[in-house]
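Written below as structure tokens is the structure these notes are about.
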Amino acid sequence: SKEKLALPGSAAAQPPRLFALTKFVETVLHNLHRVSFLWPLVTQFLLPVANHKVARIRVIGIDSLSKVVISAMRYKLSEGHRSDDDAASAISANGGASSVLDTVFCAKSGCAIMNGEREGNGGDGASGGNGGGAVVARRAGEERAANWDQQLLAPLEELQRRCAHRETQERILQAVHQLLHSCGAGLGAGWLLLLSMLYRAATKPALLPLLPLAIRSVQQIASDFLPVLPPTCLLAYVEVAAAYALQVEHLNVALTAIGLQWTISDYLVEHARNDDACAADAAVETPLDDGQEAPNGLQHNPAAPGADEADADAEALDSLDEEAGGSALASAPRYVGLDIEEKVHSHRLWCSILLRLRRMCNDERPEVRTCAIHTLNSVVTSHGTSLSPPSWDFALFSVLLPLTREVSEAAASANTQHPVAQTLGTEGGRPVLMLLHHSRDTESKQWDETWVLLLNSLTRLFRTFLPLLQNRPRFNEAWQELLAFCERSLLSSQRSLEVAKAAIGALVQELLLSTVVARTSSTKNLTASSPAPDASPSVLRTEERIVGLSPSQSLSAPGVGKKRERLPPALWTSAWGLVESIVTTTTADAQTFKAHEPMLFQLLEQLNELYSSSRERFEEADVMRLLKLAAGLAVPPTVRCGWDPLERATTPS
């Protein structure tokens, strides 16, 4: 009959044929207390209708399936516990009976339990056989009861995998959103299928046009359901949100998804998963090396201890592409194999968030890179004091420092001539390009912007958390990496003066003249974070320049430090050593001096301001070092300075 219904212009009118489908759905809705018996029949009938070759029938079929799934989910949430109690009472009441067959229906488990069957002797078993059957039945019911939401969601997930019709895929995502609204708080194992569906919507090219619809559900999970997500599902959700940030079809969706990583990090800080995980974090001490590529972060490794597992399970940077294909079809749900009862250490979650933000910072779109760097900086700055020592090691050596090398290489290899403005249309047969500022009209200039943002963020993070970072065993290695990044930035002045000037500001303002930031959580602590009332005008001017605010703004902005503190002697000497090395290299000959002259002039100005505002911090050796640097910066190599005894004196006029 369905085939006759599918024929265009068939003598059998469609509305009468759809009458049977309507009555079937109504019958199921009126028998939700028997849905566990009826569910195989429901899926067997509705799935082919939802995947029918006629569009009108498909739409009605998927709407009917969605309605039944959501209604059954609501019924299970409201009646499941009472049905379990009734089933347990029935099992207990029949424990000593010798009937051959007692059928007990468990509404929540979705199965019929046969209590009277005995092993071996059939109906001749003793009453103890019935007691053993009751135990087996109870265990089977409990096992199935834990997955009832997964069984109800399975038809929608299977339909998304096997159906290539857009209208069906669109209504599946609408059904997911409706299900979250009505039943999201009661999901358990069903989160595995639901997250698999949302992940597939972001990674399959055929489903990318539906991203604005799918992102609504992803946002809703972040805003309402993070506290009820099982630990492994929270780890999966980090990957799902990253998939939406890395897709290239919709820029606004990507920018929205980047912000979700910050939302997740806020949740990790405010709601610790459990005390055991926090205690285990303190024992983790071995981060991933820079070049080490970690396996899939969602696969459990039972042979590894909990501490090592947190690092070994960090997601590889290319794992988000492993399921990408040309169609919407896939072989299996991505997360169906996860154990929702498995505990996930918070260190493992932090590693997953930071690693994905690192990849977003390398995105080909400048808007995504800018947003990702700001988010990464905000996450680490806001929650740095909550990160465990191994999480800090991972952030430094597996995220931040490798990111400096990646951004430097990308900026050096970027195109410097070809414009990157998008074509908006044509006028008179000629393309009309989007108007871009001259400082951002090439790929190289856009990567320079990313370079500057990363440089400022990294130096500020080091200065803000310096006392904490100095306690890490590999701090010296990280500090040398930071100075090497500043050196590359200064020596790039011939290619990009913007990067070189930013490096001078970061080196002088953040490392040599920075304040120790006293962070505040609300506006009521603004007074404690403001400069001291008896501070000199030079100190106030220094603090205003560091945070980039006007005098009036600096007095009211949270996070402004009270006082300036000089770097520890070893770090102070190494920073000045970098400046001396740069001056020596760039003033070696006249040609090199001329190529870097704008950068050197800017450096001379910054050093002058440094000494003027904090001369009381300088020792005699520092003053002599500064004078030597000033002499090298102010006088070109071709100009002689002072009196030469070998030169013949000129005759006075």
Side-chain angles (χ1 to χ4, degrees), residues 25-43 46 62-91 104-113 138-160 171-198 216-234 236-237 271 333 335-336 338-341:
V25 173
E26 291 179 359
T27 303
V28 174
L29 296 179
H30 282 289
N31 290 271
L32 289 178
H33 58 286
R34 300 187 180 95
V35 71
S36 299
F37 282 138
L38 297 176
W39 197 243
L41 179 62
V42 172
T43 56
L46 291 182
I62 184 59
D63 288 343
S64 301
L65 179 61
S66 303
K67 184 177 181 180
V68 170
V69 170
I70 295 175
S71 298
M73 193 82 69
R74 288 175 177 171
Y75 175 81
K76 291 292 187 180
L77 289 177
S78 61
E79 299 293 333
H81 296 293
R82 188 175 66 185
S83 299
D84 280 348
D85 294 340
D86 294 343
S89 300
I91 294 175
V104 179
F105 172 67
C106 296
K108 189 174 181 181
S109 65
C111 64
I113 304 175
R138 187 180 298 108
R139 290 178 179 175
E142 291 174 354
E143 182 178 353
R144 289 176 177 258
N147 299 327
W148 62 268
D149 52 346
Q150 195 173 39
Q151 298 172 20
L152 293 178
L153 280 173
L156 287 177
E157 194 280 331
E158 181 180 359
L159 189 62
Q160 188 195 38
R171 280 164 173 78
I172 289 174
L173 294 176
Q174 290 175 352
V176 169
H177 191 63
Q178 294 172 6
L179 191 144
L180 283 174
H181 266 294
S182 58
C183 313
L187 290 178
W191 282 112
L192 301 175
L193 293 183
L194 191 144
L195 292 174
S196 298
M197 296 165 68
L198 293 176
R216 295 190 304 163
S217 299
V218 180
Q219 286 181 281
Q220 188 176 5
I221 294 174
S223 61
D224 298 336
F225 300 115
L226 289 182
V228 300
L229 277 179
T232 51
C233 293
L234 183 59
Y237 177 71
H271 305 279
Y335 306 118
V336 73
L338 299 182
D339 181 10
I340 62 172
E341 301 297 332

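It should be emphasised that the depicted structure is a prediction, and the values quoted were computed from it without experimental measurement.
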For residues [X] and [Y], report the shortest heavy-atom separation together with the two atoms involved.
X	Y	result
Leu156	Ser66	CD2-OG, 4.1 Å
Val68	Leu29	CA-CD2, 4.3 Å
Val35	Ala72	CG2-CB, 4.2 Å
Ile221	Tyr237	CG2-CE1, 3.7 Å
Leu194	Leu180	CD1-CD2, 4.0 Å

Non-neighbouring partners of [X] that pass side chain to side chain contact (heavy atoms under 4.5 Å, CB included), sequence neighbours left out:
X	value
Ala154	Leu193
His177	His181, Arg216, Ser217, Gln220
Thr43	Trp39, Leu47, Pro155
Asn31	Thr27, His33, Arg34, Leu38

Check salt bridge (Lys or Arg N to Asp or Glu O under 4.0 Å) between Asp63 and all other residues, then give those that pass, not counting sequence neighbours.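 Per chain and number, Asp63 pairs via salt bridge (Lys or Arg N to Asp or Glu O under 4.0 Å) with Arg171.
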Between CD1 of Ile172 and CG of Leu179, what distance do you get to the nearest 0.5 Å? 13.0 Å
CD on Gln160 to CG on Leu153, rounded to 0.5 Å: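 The CG atom of Leu153 sits 11.5 Å away from the CD atom of Gln160.
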Side-chain contact, heavy-atom cut-off 4.5 Å: Cys233 with Leu195?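 They are in side-chain contact.
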Name all pairs fulfilling the salt bridge (Lys or Arg N to Asp or Glu O under 4.0 Å) condition that reach into residues 184-195, sequence neighbours left out, sorted by first residue then second.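 Qualifying pairs: none.
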Hey, can you pull the donor-acceptor pairs under 3.5 Å for the side chains in residues 182-191, sequence neighbours left out?
{"from": "Ser182", "atom 1": "OG", "to": "Gln178", "atom 2": "O", "distance (Å)": "3.0"}
{"from": "Trp191", "atom 1": "NE1", "to": "Leu187", "atom 2": "O", "distance (Å)": "3.4"}

Can Thr232 and Asp339 be said to form a side-chain contact (heavy atoms from CB on, under 4.5 Å), step by step? CA-CA 7 Å; Thr232 51; Asp339 181 10; 5.5 Å; no
What pairs with Glu158 under side-chain hydrogen bond (donor to acceptor under 3.5 Å, both in side chains), at least two apart in sequence or on another chain?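 Glu158 satisfies side-chain hydrogen bond (donor to acceptor under 3.5 Å, both in side chains) with Arg162 once adjacent residues are dropped.
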Sequence neighbours excluded, which residues qualify as side-chain hydrogen bond (donor to acceptor under 3.5 Å, both in side chains) partners of Glu341? none
